[in-house]
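Here's the structure, in structure tokens; my notes come after.
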Amino acid sequence: MYMLAKNRTKFLTFSLGMMLTSFIFTLSPLVTQWYRLGINYLTLMVAWAPLWMTIGAFTSARISDILGRKKSYYFNLAFLAVGDLIFAVFRNVNATFAGLAFLIIGAGGEYSSIMSSTHEVFESSSRGTAMLLELNFINVGGAVAALSLLILGDRPVSVQRESISIIMTLMLIAVLASRPSVKESRVWKAVKERGSTMSGPSIRFRLAVITITSLAEVVGFNLMVSALGPYFFPRYTSLLIFLGNATEAFVGISAIFLDRFSRRIVLALAAIGGTAVFTFIYLTSALWVHNIISLLIPFIVYNGFISILYMTVNTLNGELWPTGLRATYTALVSSITIGALVPLELLLPRLGFTIYMDVAMGTWTCGSVAALSWLKWGTETGKGMDVLEASGEKLNAT
């Protein structure tokens, strides 16, 4: 923790960026409560965030790898500022879609940039803990968004919108004020100048493992936390989103200690635990579908495992790749997994609750197999290891 205090400005700006990213991502399902939407508009609104998130993440990543980490920050913040202005000023549903699109592109870029930059701009002894803790601010941002609308639930929509806009603007100002202090990555500059070579598991194996494991977490969280309310329990939308994010934020405090343990073992345990709890939820769905309150206790336990898996798999995602393509591969994984939500969230509500749960069960099963594969054949990346050593990368001689 001393090393984090020493780098508090970097940690603060990246944590705020993650918090703002989640706040924005969570708005799409939440603002469905502001309008009377038919099934087409409803499914599009829920799928709106993953659609634009993938575009923002991949575009920012290419800027980051080609032009430098700092250049990607400017791209992200410009889209966030434009989107914030549109969202705050205009009121109709189409303008809300447009404002959210700009905001989510910027948020996707922030997510991608921070995930790749953190490993390179923090010292080896603190980069793992910094990344884990920054990722927990994703949970905090989602909880703040949901809690805001829970508190404002009886107020007019105009008041809710203004309040959300003010909170979002204050976070954006804080990020804008603190981000210029983050210098360009020395690791990125060194690899650009000297080049590097890779060793260890193949890129294909790394990509398969991290994508499948991440898909289990992304689908497991979004189908059960973000989309379950809007699609099947609209009265409980804000409650489910708040409870899921708040639980994950609380459990995420464990990030202070997680880097002391094997990343491979933590990944496997979190995936298996999440699969086990979801299996119980899946098998008892005929009971709680008629009384959502009976789901809440297993729902809380479920989100605890998701929190550990989310932080671990996304920290691992930024560690595995060669520096010259770190942001691109990190964003590729995010784009595939978050992008998969678009067809799922557009189609699954039309196919019924049973198939909705079947898909979630299938992704959890595949995720556990992938995590166990990394436990057996993968390499260790945690315990304060240098980022180049973690990725198996070695700088070429000058």
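- Residues satisfying the ring pair (Phe, Tyr, Trp, His ring centres under 6.0 Å) test with F58, not counting sequence neighbours, are none.
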Before giving the answer on side-chain contact (heavy atoms from CB on, under 4.5 Å), spell out for N314 and Y111 the whole-Å C-alpha distance, their side-chain angles and the decisive distance to 0.1 Å. CA-CA 10 Å; N314 283 285; Y111 188 68; 3.0 Å; yes
Under 3.5 Å, which donor-acceptor pairs do the side chains of residues 212-224 form with other protein atoms, sequence neighbours left out?
from, atom 1, to, atom 2, distance (Å)
T213, OG1, V209, O, 2.8
N222, ND2, V218, O, 2.8

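- Inter-residue side-chain proximity for I272 and L372 is flagged as met; some heavy-atom pair is nearer than 4.5 Å.
- Looking at Y310 and N136, their side chains never bring a donor and an acceptor atom within 3.5 Å of each other.
- Residue pairs meeting the salt bridge (charged side-chain N to carboxylate O under 4.0 Å, His left out) criterion with at least one member in residues 51-69, sequence neighbours excluded: D65-R69, R69-E120.
- No donor-acceptor contact under 3.5 angstrom links the side chains of S335 and T54, judged on distance only.
- Side-chain contact of E319 with S391: a donor-acceptor pair under 3.5 Å is absent, judged by distance alone.
- In this view, F232 and F353, Y356 satisfy the ring pair (Phe, Tyr, Trp, His ring centres under 6.0 Å) rule, not counting sequence neighbours.
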Give the intermediate values and the outcome of side-chain hydrogen bond (donor to acceptor under 3.5 Å, both in side chains) for residues S116 and R326. CA-CA 6 Å; S116 55; R326 188 185 310 281; over 6 Å; no
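- Pairs passing the side-chain hydrogen bond (donor to acceptor under 3.5 Å, both in side chains) check and including a residue from residues 167-177, sequence neighbours excluded, read D84-T169.
- Here the OG atom belonging to S238 is positioned 12.0 Å from the CG atom belonging to L243, to the nearest 0.5 angstrom.
- Using bins of under 30°, 30° to 60° and over 60° for the plane-to-plane angle, the ring pair W374/F205 lands in the parallel bin.
- Taken from CG in N139 to OG1 in T26, the straight-line distance is 9.5 Å, to the nearest 0.5 Å.
- Every residue two or more places apart in sequence or in another chain that forms a side-chain contact (heavy atoms from CB on, under 4.5 Å) with P349 is listed here: T43, Y231.
- There is no side-chain donor-acceptor pair under 3.5 Å between T197 and E393.
- Annotation: cation-pi pair K383/F261 absent, no NZ/CZ under 6.0 Å from the ring centroid and within 45° of its normal.
- If you run side chain to side chain contact (heavy atoms under 4.5 Å, CB included) between Y73 and each of S113, S64, P180, only S113 comes through.
- With sequence neighbours excluded, no residue forms a side chain to side chain donor-acceptor pair (under 3.5 Å) with T337.
- Judged purely by distance below 3.5 Å, without hydrogens or angles, the side chains of S368 and T275 pair a donor atom with an acceptor atom.
- W377 pairs by the ring pair (Phe, Tyr, Trp, His ring centres under 6.0 Å) definition with nothing, not counting sequence neighbours.
- Smallest separation of non-hydrogen atoms from L172 and A81: CD2-CA, 3.7 Å.
- In this structure, V369 shares a hydrophobic cluster with no other residue, the cluster being traced through Ile, Leu, Val, Met, Phe, Trp and Tyr side chains under 4.5 angstrom apart.
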Show your reasoning for whether side-chain contact (heavy atoms from CB on, under 4.5 Å) applies to S334 and M115. CA-CA 10 Å; S334 298; M115 291 247 292; 4.2 Å; yes
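- Under the ring-ring contact (aromatic ring centres under 6.0 Å, His included) criterion, no residue pair touches residues 235-258, with sequence neighbours excluded.
- Neither side chain, T247 nor N303, offers a donor N or O lying under 3.5 Å from an acceptor on the other.
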Could you go through residues 96-103 and list every donor-acceptor pair under 3.5 Å that involves a side-chain atom there, pairing it with any protein atom two or more places apart or in another chain?
from, atom 1, to, atom 2, distance (Å)
T96, OG1, Y35, OH, 2.6
T96, OG1, N92, O, 3.1
T96, OG1, R161, NH2, 2.7

Using atom types as modelled, flag every donor-acceptor pair under 3.5 Å from a side chain in residues 359-367 to any protein atom, sequence neighbours excluded.
from, atom 1, to, atom 2, distance (Å)
T363, OG1, V359, O, 3.4
T363, OG1, A360, O, 2.8
W364, NE1, Y302, OH, 3.0
T365, OG1, M361, O, 3.0

